[in-house]
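Single-structure report; data block below.
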Amino acid sequence: AQTVTQSQPEMSVQEAETVTLSCTYDTSESDYYLFWYKQPPSRQMILVIRQEAYKQQNATENRFSVNFQKAAKSFSLKISDSQLGDAAMYFCAYRRRLNTGTASKLTFGTGTRLQVTL
Amino acid sequence: EAGVAQSPRYKIIEKRQSVAFWCNPISGHATLYWYQQILGQGPKLLIQFQNNGVVDDSQLPKDRFSAERLKGVDSTLKIQPAKLEDSAVYLCASSRLGLPRRETQYFGPGTRLLVL
């Protein structure tokens, strides 16, 4: 079974600074996808960034980037120029690739609560 | 494009009562997921539908939980009878059936259930 571990229950960053959230995962699969989701207090889960395991290049989305280390099974999220609106729970998630064409479920970590201070 | 709709947003019941949650996915999304998110944990899949067929219900407590997706559109999740440990947020998500590499799950706002 696949597992996702987020070892930082809480992180804090000052506005305009950079913060990195950690995630490790365990899988025997070679082809899969990794995600970071943001869940603000309103509870609507929003996709932040996606990484496909077969791609060596790290994904970036504006101020968000990842450091994907496949051999180490590590997938960290870097938020640059942090803003007050970045305050939320961040979940790392894994999805295996199925050859049937059917999408598979997301397996989530326990989350990291990010606080952004002035 | 309207997002995933869920109702009710909040529900308080006593143990042994029954409760039902409703989800309307994004129009055209063939795949629908129900996740349970217990406080302090990440969401855990309860059941996944593709159109009106069940793809994965391996973690659904079938002695008390049931779900259906008639006509392959909206879905209902029911708990009967509820236990204290069912207190959680129930999230519904949907995705378009297409290239799995591009599949993105869109989440609804969730239903927060408190069992007393």
Side-chain angles (χ1 to χ4, degrees), chain A residues 1-10 21 23-25 29-55 59 61 75 88-113, chain B residues 2-10 21 23 25-26 29-51 53-60 88-113:
Chain A
Q2 295 82 22
T3 58
V4 178
T5 302
Q6 294 180 251
S7 58
Q8 305 157 315
E10 290 189 10
L21 308 184
C23 173
T24 59
Y25 58 95
E29 305 285 336
S30 60
D31 197 3
Y32 49 87
Y33 316 98
L34 295 165
F35 307 84
W36 279 98
Y37 276 87
K38 171 184 178 181
Q39 190 177 42
S42 68
R43 297 244 171 222
Q44 191 106 24
M45 194 85 74
I46 304 165
L47 177 65
V48 174
I49 198 165
R50 173 211 333 257
Q51 176 77 42
E52 298 176 50
Y54 77 96
K55 290 186 177 178
E61 288 286 344
F75 182 61
M89 281 290 285
Y90 285 81
F91 290 96
C92 178
Y94 165 99
R95 179 167 71 84
R96 59 184 290 211
R97 178 175 181 263
L98 298 178
N99 294 324
T100 59
T102 301
S104 63
K105 68 181 181 183
L106 289 168
T107 299
F108 287 88
T110 52
T112 296
R113 182 174 302 280
Chain B
V4 177
Q6 290 187 247
S7 67
R9 292 295 308 276
Y10 304 92
F21 312 129
C23 172
I26 294 173
H29 281 196
T31 309
L32 185 147
Y33 310 79
W34 282 103
Y35 289 88
Q36 181 192 54
Q37 185 177 18
I38 294 173
L39 187 64
Q41 300 181 17
K44 180 188 76 172
L45 182 76
L46 290 174
I47 189 167
Q48 176 185 346
F49 293 95
Q50 184 166 307
N51 295 311
V54 175
V55 174
D56 184 352
D57 64 354
S58 57
Q59 298 195 78
L60 186 74
V89 176
Y90 291 84
L91 297 169
C92 179
S94 70
S95 64
R96 186 182 302 277
L97 191 61
L99 291 175
R101 291 190 181 281
R102 300 307 303 166
E103 184 255 358
T104 296
Q105 293 185 26
Y106 296 88
F107 285 80
T111 296
R112 184 174 300 190
L113 173 67

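Below, read A as the first sequence line, B as the second, and so on, with proteins coming before strands; counting in each chain starts at 1. The figures that follow rest on heavy atoms only: side chains count, while hydrogens, waters and symmetry mates do not.
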Task: ring-ring contact (aromatic ring centres under 6.0 Å, His included) partner of Tyr94(A), the single match among Tyr33(A), Tyr32(A), Phe35(A) - done: Tyr32(A)

Open item on the list: Only pairs of heavy atoms separated by less than 4.5 Å count here; which of Leu47(A), Leu106(A), Val4(A) has the most with chain B?
Closed with: Leu106(A)

Task: Any residue meeting ring-ring contact (aromatic ring centres under 6.0 Å, His included) with Tyr90(A), in chain and number order, not counting sequence neighbours - done: none

- [ ] Sequence neighbours left out, what passes ring-ring contact (aromatic ring centres under 6.0 Å, His included) with Phe21(B)? Give chain and number order.
- [x] Tyr90(B)

Open item on the list: Let's go through Val54(B) and Phe49(B) carefully: what are the C-alpha distance in whole Å and the side-chain angles of both, what is the deciding distance for side chain to side chain contact (heavy atoms under 4.5 Å, CB included) to 0.1 Å, and is it a yes or a no?
Closed with: CA-CA 4 Å; Val54(B) 175; Phe49(B) 293 95; 3.7 Å; yes

TODO: Name the region of Gln6(B), side chain, backbone, both or neither, that has any atom closer than 4.5 Å to a heavy atom of chain A.
DONE: neither

TODO: Name the region of Gln105(B), side chain, backbone, both or neither, that has any atom closer than 4.5 Å to a heavy atom of chain A.
DONE: both

Open item on the list: Less than 4.5 Å to any heavy atom of chain B: does that hold for the side chain of Gln6(A), its backbone, both, or neither?
Closed with: neither

Open item on the list: Please classify the contact between Ile46(A) and chain B as side chain, backbone, both or neither, with a heavy-atom cut-off of under 4.5 Å.
Closed with: neither

Open item on the list: Students often mix this up, so state it plainly: with edges at 30° and 60°, are the rings of Tyr35(B) and Phe108(A) parallel, tilted or perpendicular?
Closed with: perpendicular

Open item on the list: For the interface with chain A, which of Ser95(B), Gly108(B), Gly40(B) has the highest count of heavy-atom pairs at distances below 4.5 Å?
Closed with: Gly108(B)

Task: Options Pro43(B), Ala93(B), Pro109(B), ranked by heavy-atom pairs under 4.5 Å with chain A, top entry - done: Pro43(B)

Task: Atom of Glu61(A), atom of Val48(A) and distance for their closest heavy-atom approach - done: CG-O, 3.8 Å

